[in-house]
A.B. asks: 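Right, I'll just put the structure down here and ask away after.
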Amino acid sequence: EQFGKGDKYFGICMLMATMPGLPMLGHGQIEGFSEKYGMEFRKAYWDEKIDPDLVSRHEWEIFPLLHQRQLFAGVEHFNLYDFVTRDGSTNENVYAYSNHENGNSALVVYNNNIHESEGWIHYSVPQPRRYGNEKKIESMPLYRALFLPADRDAFIIFRDQVTQQQFLRPMDEILDRGLHFTLRGYEYHAFLDFRIVYSSPAQDYRSLYNFIGHKGIPNMDQALRELILKPIQEPYRAIVNHGYLGYLIEKYEDSKETEPTDENEIKLKIQNMLNGIGNHTNIGLTAGKLEEEIFSLFNTSLNLKAIIAGLAVPKSSKVKELTEYLLEPFEDKEKMHYTLLVWSLCSQIGKIGAEDEYTELSNAWLDEWQLAKPLYEILKNAGCGEEEINEQILLLRLGIAQQNWYEKSRKQPFDMLVKNWLTDPEIQTFLRVNRYQGVLWYNREAFDKFTWWMSLIPIVKALSQPSAGRTRVIEM
């Protein structure tokens, strides 16, 4: 290899891209070529192929830094730092420096050694500084070099260009000790986009910092929302996770009844979830009836395959046809069972705040409280693609919004119900409705899936009722 392709190479390449002066890239460096040649060579003699992964890594980590050369090229605000370890010594293998230009600051850190190193960056190394006609040799604290205010009530958020993670630090820690890093061998970072925030009841950065510490996270605003939603998300995720739902689905695949131990655990988890919702919304909640309703839906959904198979009537081809139609998607598509179980938990929660319009409120809370996100993660773990996952989440929303269609159909003509369906924007999205040459078209497979889902929902609701009987369900 002429230049290298590992972390050490990229760490040095990052230094080159972020130090004052002119970066120089060699022939074939980005493409990963091994042949060494200079400007006197008229052509390359080796038939080498471009390394697409290496080029992609340059595009992700290095090129964005080169696009910001105005931030790194100057020397007026350039500062170099000692990396001070726990024992007070300086690790000379760690390069740390900052720069500033036009209101933007950058901090670069690189461990040029195979061994891990832990330490602090606080004061710059002494260097000449001009104050009017005077020149002094002095160190500068990190907060001044980054043009941050000396405000102990503030927090700073900054982003790492290499990992795209965001970090949160309290200003009082930076004022007193600087920034702390634990660096693996040849680990490197280019921190950008420093901004000041303040903790408040609506944006509790202090609690978020106590929770994440020095760890990086993908999105600070998202993490803050999740922290606010923790009273709901924590008990909700105790049920809606791949391990627990997968365990229940596998255990009760061919069972009509849930064991008492699991039944009590499910009821407790649902009770905790509803208590979390009550605490978050400050709505006085008497959850007894609603808790039983949600548990009954969940329990029916869990044992649905065996329950529907038990509806079969000897010598009745129509009932047999119906049960086969309802069960077919469950045979090889575990994702449908996950979606149904999540639907059973989320479809009734709107009754906490609005008994009459609970379907709309249930969907609103589904979005506001990010209740579909755990389902997304479950389906991702189950091997579903992005398109499949989005389809299942849309089915979940439609199942909540349209769960009472059967009762409504008894009060209005069926063709009116179908017309309302086909003019609903979310249903149109699911059916992939499009106009071509003045004619509206829809996707046949999506329509079949939608009608199956709409057939299943009222049957699950009917089966979950204590008075549910085979005759009533078959009549439906």
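Keep in mind that the numbers below use all heavy atoms, side chains included, and drop hydrogens, waters and symmetry copies. From a predicted model like this one, the values you see are computed outputs, not experimental measurements.
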A.B. asks: Verify, without hydrogens or angle tests, whether Gln164 (side chain) and Gln161 (backbone) share a donor-acceptor contact under 3.5 angstrom.
C.D. replies: yes

A.B. asks: Just wondering, do Leu192 and Leu65 contact through their side chains at under 4.5 Å, heavy atoms?
C.D. replies: yes

A.B. asks: Do you know the tightest heavy-atom contact between Asn111 and Arg184?
C.D. replies: ND2-O, 3.0 Å

A.B. asks: For the CD1 atom of Ile121 and the CG atom of Asn79, what is their distance to the nearest 0.5 Å?
C.D. replies: 12.0 Å

A.B. asks: Given 3.5 Å as the limit, does a donor-acceptor pair link the side chain of Asn91 with the main chain of Ser89, or not?
C.D. replies: no

A.B. asks: Using side-chain heavy atoms (C-beta onward) and a distance below 4.5 Å, is Leu179 in contact with Phe181?
C.D. replies: yes

A.B. asks: Report yes or no: is the cationic atom of Lys8 (NZ for Lys, CZ for Arg) under 6.0 Å from the centre of the six-membered ring of Tyr110, at an angle within 45° of the ring normal?
C.D. replies: no

A.B. asks: Run the ring-ring contact (aromatic ring centres under 6.0 Å, His included) test against Trp453 and tell me which residues pass, sequence neighbours left out.
C.D. replies: none

A.B. asks: For Lys251, is there an ion pair with Asp262 - N to carboxylate O distance below 4.0 angstrom?
C.D. replies: yes

A.B. asks: Which heavy atom of Ser124 sits nearest to which heavy atom of Arg129, and what is that distance?
C.D. replies: OG-NH2, 3.1 Å

A.B. asks: How far apart are the closest heavy atoms of Ser117 and Thr85, and which atoms are they?
C.D. replies: OG-CG2, 4.3 Å

A.B. asks: Could you check whether Glu118 pairs with Arg86 (Lys NZ or Arg NE/NH1/NH2 to Asp/Glu carboxylate O, under 4.0 Å)?
C.D. replies: yes

A.B. asks: Strictly under 6.0 Å, is that where the ring centroids of Tyr236 and Trp369 end up?
C.D. replies: no

A.B. asks: Are any non-hydrogen side-chain atoms of Val460 and Leu304 less than 4.5 angstrom apart?
C.D. replies: yes

A.B. asks: Checking Glu92 side chain against Asp82 main chain: does a donor-acceptor pair fall under 3.5 Å?
C.D. replies: no

A.B. asks: Under the criterion side-chain contact (heavy atoms from CB on, under 4.5 Å), I'd like the reasoning laid out for Lys335 against Gln392: C-alpha separation, chi angles, the key distance, then a yes or no.
C.D. replies: CA-CA 8 Å; Lys335 61 186 179 184; Gln392 290 300 306; 3.9 Å; yes

A.B. asks: Which value, rounded to the nearest 0.5 Å, describes the distance between His115 atom NE2 and Leu183 atom CG?
C.D. replies: 14.5 Å

A.B. asks: Go through the steps for Met273 and Glu234 under the test side-chain contact (heavy atoms from CB on, under 4.5 Å), then give the verdict.
C.D. replies: CA-CA 8 Å; Met273 180 187 80; Glu234 203 168 68; over 6 Å; no

A.B. asks: Quick one, Ile266 and Ile239 - any side-chain contact, counting heavy atoms below 4.5 Å?
C.D. replies: no

A.B. asks: Quick check against the 3.5 Å criterion: does Ser362 have a side-chain atom that pairs as donor or acceptor with the backbone of Gly350?
C.D. replies: yes

A.B. asks: Which atoms form the tightest heavy-atom contact between Arg397 and Leu366, and what is the distance?
C.D. replies: CG-CD2, 3.7 Å

A.B. asks: Verify whether one side chain among Asn219 and Arg225 offers a donor that lies under 3.5 Å from an acceptor in the other.
C.D. replies: no

A.B. asks: Are Lys49 and Glu31 within salt-bridge range, i.e. N to O under 4.0 Å?
C.D. replies: no

A.B. asks: side-chain contact (heavy atoms from CB on, under 4.5 Å) for Asp367 and Trp365? Distances and angles first, verdict last.
C.D. replies: CA-CA 5 Å; Asp367 295 336; Trp365 282 348; over 6 Å; no

A.B. asks: Roughly how far apart are Gln348 CD and Leu361 CG, rounded to 0.5 Å?
C.D. replies: 12.0 Å

A.B. asks: Could you walk me through whether Gln370 and Gln222 pass side chain to side chain donor-acceptor pair (under 3.5 Å), step by step?
C.D. replies: CA-CA 10 Å; Gln370 304 172 25; Gln222 173 74 11; 2.7 Å; yes

A.B. asks: Is any side-chain heavy atom of Asp424 closer than 4.5 Å to one of Asn420?
C.D. replies: no

A.B. asks: Side chains of Lys230 and Gln233: any donor to acceptor distance under 3.5 Å?
C.D. replies: no

A.B. asks: Taking side-chain contact (heavy atoms from CB on, under 4.5 Å) as the criterion, tell me which of Ile270, Ile294, Leu297, Leu302 meets it with Ser344.
C.D. replies: Leu297

A.B. asks: Please answer whether the main-chain N or O of Gly185 pairs with a side-chain N or O of Glu116 as donor and acceptor at a distance below 3.5 Å.
C.D. replies: no

A.B. asks: Given the rule in the side-chain contact (heavy atoms from CB on, under 4.5 Å) test, do Val108 and His189 qualify, once you have shown the distances and angles that lead to the verdict?
C.D. replies: CA-CA 6 Å; Val108 175; His189 300 280; over 6 Å; no

A.B. asks: Judged by atom type as modelled, is there a donor-acceptor pair below 3.5 Å linking the side chain of Arg69 to the main-chain atoms of Gly21?
C.D. replies: yes

A.B. asks: A quick test of your reading: do over 12 heavy atoms of other residues, nucleotides or ligands sit less than 6.0 Å from CG of Asp87?
C.D. replies: yes

A.B. asks: Report yes if some heavy atom in the side chain of Phe155 is under 4.5 Å from a heavy atom in the side chain of Tyr198; otherwise report no.
C.D. replies: no

A.B. asks: Is it the case that atom OH in Tyr95 sees more than 12 heavy atoms from other parts of the structure closer than 6.0 Å?
C.D. replies: no

A.B. asks: May I ask you to test the Leu371-Ile349 pair for a side-chain heavy-atom distance under 4.5 Å?
C.D. replies: yes

A.B. asks: If every non-hydrogen atom of Asn241 is compared with every non-hydrogen atom of Ala238, which pair is closest and at what distance?
C.D. replies: ND2-O, 3.2 Å

A.B. asks: Quick check: does any side chain N or O of Gln70 sit under 3.5 Å from a backbone N or O of Asn102, one acting as donor and the other as acceptor?
C.D. replies: no

A.B. asks: I need the Phe211 CZ to Leu168 CG distance, nearest 0.5 Å.
C.D. replies: 13.0 Å

A.B. asks: Heavy atoms, side chains only, cut-off 4.5 Å: are Lys5 and Asp53 in contact?
C.D. replies: no

A.B. asks: Between Lys380 and Glu388, is there a side-chain N and carboxylate O pair less than 4.0 Å apart?
C.D. replies: no

A.B. asks: Rounded to the nearest 0.5 Å, what separation is found between the OG atom of Ser105 and the CG atom of Leu71?
C.D. replies: 7.5 Å

A.B. asks: Sequence neighbours left out, what passes ring-ring contact (aromatic ring centres under 6.0 Å, His included) with His242? Give chain and number order.
C.D. replies: Tyr338

A.B. asks: For Phe450 together with Tyr442, are the ring centres under 6.0 Å from each other?
C.D. replies: no

A.B. asks: I'd like to check the side chain to side chain donor-acceptor pair (under 3.5 Å) partners of Tyr376; sequence neighbours left out, ordered by chain and number.
C.D. replies: Glu386

A.B. asks: Identify the two heavy atoms, one from Tyr97 and one from Tyr81, that lie closest to each other, and give their separation to 0.1 Å.
C.D. replies: CA-CD1, 3.7 Å

A.B. asks: Donor-acceptor pair, distance only, cut-off 3.5 Å: does the side chain of Ser207 make one with the backbone of Asp204?
C.D. replies: no

A.B. asks: To the nearest 0.5 angstrom, please state how far the CG atom of Leu431 sits from the CG atom of Asn443.
C.D. replies: 8.0 Å

A.B. asks: Hey, can you tell me if Phe191 and Phe167 have their rings parallel, tilted or perpendicular (30° and 60° cut-offs)?
C.D. replies: perpendicular

A.B. asks: Within the distance-only criterion (no hydrogens, no angle test), does the side chain of Asn99 pair as donor or acceptor with the backbone N or O of Phe72 below 3.5 angstrom?
C.D. replies: yes

A.B. asks: More than 12 non-hydrogen atoms from neighbouring residues, nucleotides or ligands closer than 6.0 Å to CD1 on Ile114, yes or no?
C.D. replies: no

A.B. asks: Does NZ or CZ of Arg57 fall inside the cone over Phe10's six-membered ring, less than 6.0 Å from its centre and within 45° of the axis?
C.D. replies: yes

A.B. asks: Does a donor on one side chain sit under 3.5 Å from an acceptor on the other, for His214 and Tyr209?
C.D. replies: yes

A.B. asks: Is the gap between the ring centers of His58 and Tyr9 under 6.0 Å?
C.D. replies: yes

A.B. asks: Taking NZ, NE, NH1 and NH2 as the nitrogens, is one of them in Arg177 or Glu173 under 4.0 Å from a carboxylate oxygen of the other?
C.D. replies: no

A.B. asks: Checking Gln403 side chain against Ser347 main chain: does a donor-acceptor pair fall under 3.5 Å?
C.D. replies: yes

